[in-house]
Amino acid sequence: MAAALKIDEFNLLDDGECDARIAAAKQILGKRLCILGHHYQRNEVFKHADFTGDSLKLSQLASKTDADFIVFCGVHFMAEVADILTDGKRTVILPDLAAGCSMADMANLVKVNKCWAELSEILDPDQTVTPVTYINSAADLKAFCGRHGGIVCTSSNARAVLEWSFARREKVLFFPDQHLGRNTAKKMGIPLEQMIVWDFTKPLGGNTPEQIKAAKMILWRGFCSVHQMFQPAHIDAFRQRVPHGKVISHPENALAVCEASDYVGSTEYILRVVRASAPGEHWLVGTELNLVNRLADEMKDKGVTVEFMSPTVCMCSTMFRTDPQHLAWTLDNLVAGNTVNRIRVPEEVAKPARAALDLMLEVVD
Ligand code: 13P
Ligand code: SF4
């Protein structure tokens, strides 16, 4: 095994040189390598992915691949999920370790344990509350759910997961994204009066014991910094300008944006719906810019117009961290027999996290 190649040398390469190296490494590694790419990846990286998808599709693909190496062009929690679902039997690599998710960081185990302890002063949460974590969360929060009879959800199965949860216990503690929780519960017919927000900086999350007892949904006060840029006013302006236009949004958007949209769903759902449109259709899309730009280019040839919802540029800065330089560095190291940036979840965390993820996959199938 040669000494690990240094990222500094790769940072000096231009994208064209990285492309050539990535293509050569893929050729050498062949079926031993599987590159997964989330829809928010920039084009220069996305084009190298063997498979692309939303969080659910990518976790299903990761759980099924026979490849020795899974290089995950996405963010940290996605690579953790791939490692958990492959029982550590595959080597999962995140090209840039700084590719996290700011929403995922809005909840952590200390704060969620504190919340659970505070709920225990008022009710018996292990009998009455199902903890549901959005897949955009650290592995130890998935493990928390696994230990407390809870489950994981993604943006494409949140409704099925909430139905499963309410069939077992009367309340749900949903973290870290308040919007996905609120949007999904509202669509299921749960009134807003039965939803409270848990502000972890305040005692009892800023709620009274009576409010907690009356609530069905306890929503963690987390959000996505990209999706919070989209506003109902953007939709109003679009409808004035393009009366025949249609609006599609990701469920991480605020309730007012989702309710003003014609369709709401995961990144994979957004692509499926827009790709099925007829020539002449015009879309306003409320999700990350790289996806929207790529979709707009693809649909232009079919006579379909696709517009980004916000007048200001907003990309997911952490998804953007993965660049061709890091991808080339990762792959060239694999070719040289070195593994860099392996994501490994310790088994004591992975086991209960896997239980919560497996439950989700059972609910979806
Ligand atoms: P999807 O599962 O819909 O791809 O969403 C992941 C995500 O992080 C959206 O911000
Ligand atoms: Fe996280 Fe938002 Fe980026 Fe998705 S778009 S990875 S939720 S910060």
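The figures that follow rest on heavy atoms only: side chains count, while hydrogens, waters and symmetry mates do not. Numbers here simply count residues along the sequence, with the first being 1. Owing to the predicted nature of the structure, the values given are computational and were not obtained by experimental measurement. Each ligand, and each atom within it, is numbered from 1 in the order the structure gives.
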Do any of the N, O or S atoms of Cys224 sit under 2.8 Å from atom 2 (Fe) of ligand 2?
yes
Before signing off on this row, confirm whether Ser155 and ligand 1 have an N or O atom pair separated by under 3.5 Å.
yes
Within the 6.0 Å centroid threshold, strictly below: His179 and His227
no
Looking at Phe308 versus Phe230, is the centre-to-centre ring distance below 6.0 Å?
yes
Rounded to the nearest 0.5 Å, what separation is found between the CG atom of Leu359 and the NZ atom of Lys142?
14.0 Å
Around Glu348, counting heavy atoms of other residues, nucleotides and ligands shown, do more than 12 lie under 6.0 Å from its CD?
yes
Which residue owns the protein heavy atom closest to atom 2 (O) of ligand 1, what's the atom, and how far is it?
Ser55 OG, 2.8 Å
Find out whether the Lys NZ or Arg CZ of Lys216 is both under 6.0 angstrom from the six-membered ring centre of Phe166 and within 45° of the ring's axis.
yes
Whether His38 lies under 4.0 Å from ligand 1, heavy atom
yes
Using a 3.5 Å distance criterion without hydrogens, assess whether the side chain of Lys302 forms a donor-acceptor pair with backbone atoms of Arg275.
no
Among Val242, Ile248, Val292, Val247, which one satisfies side chain to side chain contact (heavy atoms under 4.5 Å, CB included) with Trp283?
Ile248
Tell me the contacting part of Asn136 for ligand 2: side chain, backbone, both, or neither, using a 4.0 Å heavy-atom threshold, strictly below.
side chain
May I ask you to check whether Thr154 has an N/O atom sitting below 3.5 Å from an N/O atom of ligand 1?
no
Closest approach of any protein heavy atom to atom 8 (S) of ligand 2, naming residue and atom:
Ser102 OG, 3.5 Å
Arg32 charged N/C atom sitting above Phe69 aromatic ring, 6.0 Å / 45°
no
Ligand 1 atoms in contact with Ser266 (distance to a heavy atom under 4.0 Å)
3 (O)
Identity and separation of the nearest protein heavy atom to atom 8 (O) of ligand 1:
Asn136 ND2, 3.0 Å
Where ligand 1 meets His250 - atom numbers and elements under 4.0 angstrom, heavy-atom basis:
1 (P), 3 (O), 5 (O), 9 (C)
For atom 1 (Fe) of ligand 2, the protein heavy atom that lies nearest, with its residue and separation:
Cys101 SG, 2.3 Å
Quick check: does any side chain N or O of Lys213 sit under 3.5 Å from a backbone N or O of Leu123, one acting as donor and the other as acceptor?
no
Within less than 2.8 Å of atom 3 (Fe) of ligand 2, any N, O or S from Cys316?
yes
Under 4.0 Å, counting heavy atoms only: does Tyr40 come that close to any atom of ligand 1?
yes
Any nitrogen or oxygen of Glu252, side chain or backbone, less than 3.5 Å from one on ligand 1?
yes
Hey, does Glu252 sit under 4.0 Å from ligand 2 if you only count heavy atoms?
yes
Only heavy atoms of His227, strictly under 4.0 Å: list the atoms of ligand 1 that pass.
10 (O)
What's the spacing between Gln194 CD and Lys171 NZ if we round to 0.5 Å?
9.0 Å
